[in-house]
Amino acid sequence: MMYKKLFWIFGVLQHLLLGTILFLIFHCFNEINGERIIGLDTQLFICIAFPLFSLLVKYISHVKS
């Protein structure tokens, strides 16, 4: 039970940080280019969906082991 709580605490923190880093990278690309490379809606979708999918895959592998 303790490991499950630790997994969720650190897993969520790790993937929130990953989403934030992705958002900042896309923001920097937009600033360097001077115009939007991708739209804000696509940027937010990638920054939310990729870490969420990654967390779910990690959870499935954690449960099966």
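- Closest approach of Ile46 to Pro51, counting heavy atoms only: O-CD, 3.7 Å.
- Between His15 and Ser54, the closest heavy-atom pair is NE2-OG, 3.2 Å.
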(message) Working note: Phe29 + Ile38, criterion side-chain contact (heavy atoms from CB on, under 4.5 Å); need CA distance, chi angles, decisive distance, verdict.
(response) CA-CA 9 Å; Phe29 284 158; Ile38 61 172; over 6 Å; no

(request) Run the numbers on Lys4 and His62 for side-chain contact (heavy atoms from CB on, under 4.5 Å), then give the verdict. (result) CA-CA 9 Å; Lys4 192 173 184 179; His62 178 71; 5.7 Å; no

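- In this structure, Leu18 CG and Leu13 CG are separated by 12.5 Å, a value rounded to the nearest 0.5 Å.
- Atom CD of Glu31 is separated from atom CG of Leu24 by 11.5 Å, given to the nearest 0.5 angstrom.
- With hydrogens and angles ignored, the 3.5 Å screen pairs a side-chain donor or acceptor of Asn30 with a backbone N or O of Ile37.
- A single hydrophobic cluster is not seen to contain both Phe10 and Leu56; linkage of ILVMFWY side chains at heavy-atom distances under 4.5 Å, directly or through other members, places them apart.
- Interatomic distance, CG of Leu22 versus CZ of Phe26, reported as 6.0 Å (0.5 Å rounding).
- We find the CG-SG distance between Leu40 and Cys47 to be 9.5 Å, quoted to the nearest 0.5 Å.
- Between Gln43 and His27, the shortest heavy-atom contact is NE2-N, 3.7 Å.
- A donor-acceptor contact shorter than 3.5 Å links the side chain of Thr20 to the backbone of Leu16.
- Applying the ring pair (Phe, Tyr, Trp, His ring centres under 6.0 Å) criterion to Tyr59, with sequence neighbours excluded, gives Phe7, Trp8.
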